[in-house]
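These notes are about the structure you will find just below.
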Amino acid sequence: MTTNKEEIVGNYEIVEGKVKTRREVLMMGALAAGGIMSVAGAQADVVKQVITTPGEIKEKDFSSLLTKKMEGLSTNQIEQHLKLYKGYVAKTKEIDTMLQASDLLTQPPAANATYAPLRELLVEQSFALNGVVYHELYFGNLGGSGGEPTGDLKSAIEAKYGSIAKFMDYLKAAGKSMRGWVIIGWNSRDGMIHTYGLDMHNMWSPANVVPIMVLDVYEHAYMIDYGINRAAYLDSFLKNLDWNVCAKRFAAVTKHPSGWDSTS
Ligand SMILES: [Fe+2]
């Protein structure tokens, strides 16, 4: 490879004074081999290298939840829910791969705000990725012993809602109001705890917010155990909520507002 790389910044590289994506740099190197590799061969090689680079989304192991005997949440309910999560991981990988390859096939990709393959990939990218992240945060704050938050998190909730009892009532009401998720998040804009509701993984997810507690209220989260009785599910969720995990997320986000890694 004969390109003159001057600096590497994340996924970008400065080459001869110009910002290039890593893919562009790889392509330059492949084409610089001249005569050894066809353009099509170079593209295939680049795609292969890009999709195997670090950062590829990986499935997290939540199998410990299956042996915890959580009160009110059956093993079958959790097992089926985890299968759904794995499906989101697979689809996120599939979409990422297609997006990484798309601009190699057509320069530039076809673009249209009513329909274009790129548009559809971009729309479903946020749905699939948020489906992964919110489920990781949800399963990550399950498996605890319920009760109430303590320490700084308790103080922050009380500052916003007046008391833990009022907060719990508000949380349950939010849980009955939404069709997808309820997020207790730290808003870095005002430095306070807030409750947000989402009807889909990628619908109404607020900016500047890092999730601290995530509650799944999609029917698939409780139908096996409770049918349409969401109130009973909410009670069981709160009995198994791990406030220690939420406290760790809160401590991390207040020190470093870029947020808590959902895979942690
Ligand atoms: Fe779910």
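Note that ligands are numbered from 1 as they come in the structure, with each ligand's atoms numbered from 1 the same way.
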- Query: Is a side-chain donor or acceptor of Y226 paired with a backbone partner of G72 at a separation under 3.5 angstrom?
  - Reply: yes
- Query: When you measure from the side chain of N141 to the backbone N and O of V214, does any donor-acceptor pair fall under 3.5 Å?
  - Reply: yes
- Would you mind listing the cluster partners of M223? Hydrophobic ones only (ILVMFWY), side-chain contacts under 4.5 Å, chaining allowed. I228
- Query: Hey, what else clusters with V123 if you join Ile, Leu, Val, Met, Phe, Trp, Tyr whenever side-chain heavy atoms sit under 4.5 Å?
  - Reply: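 None; V123 is a cluster of one.
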- Query: What about H81 and Y138, are their ring centers closer than 6.0 Å?
  - Reply: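 Between Y138 and H81, which both carry aromatic rings, the centre distance is below 6.0 Å.
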- Message: Going by salt bridge (charged side-chain N to carboxylate O under 4.0 Å, His left out), name the pairs with one or both residues in residues 137-149, residues two or more places apart or in two chains.
- Response: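 Those involving residues 137-149 do not exist here.
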- Query: Close to the Fe ion (ligand 1), meaning under 2.8 Å, how many protein N, O or S atoms are there?
  - Reply: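 Near the Fe ion (ligand 1), the number of protein N, O or S atoms below 2.8 Å is 4.
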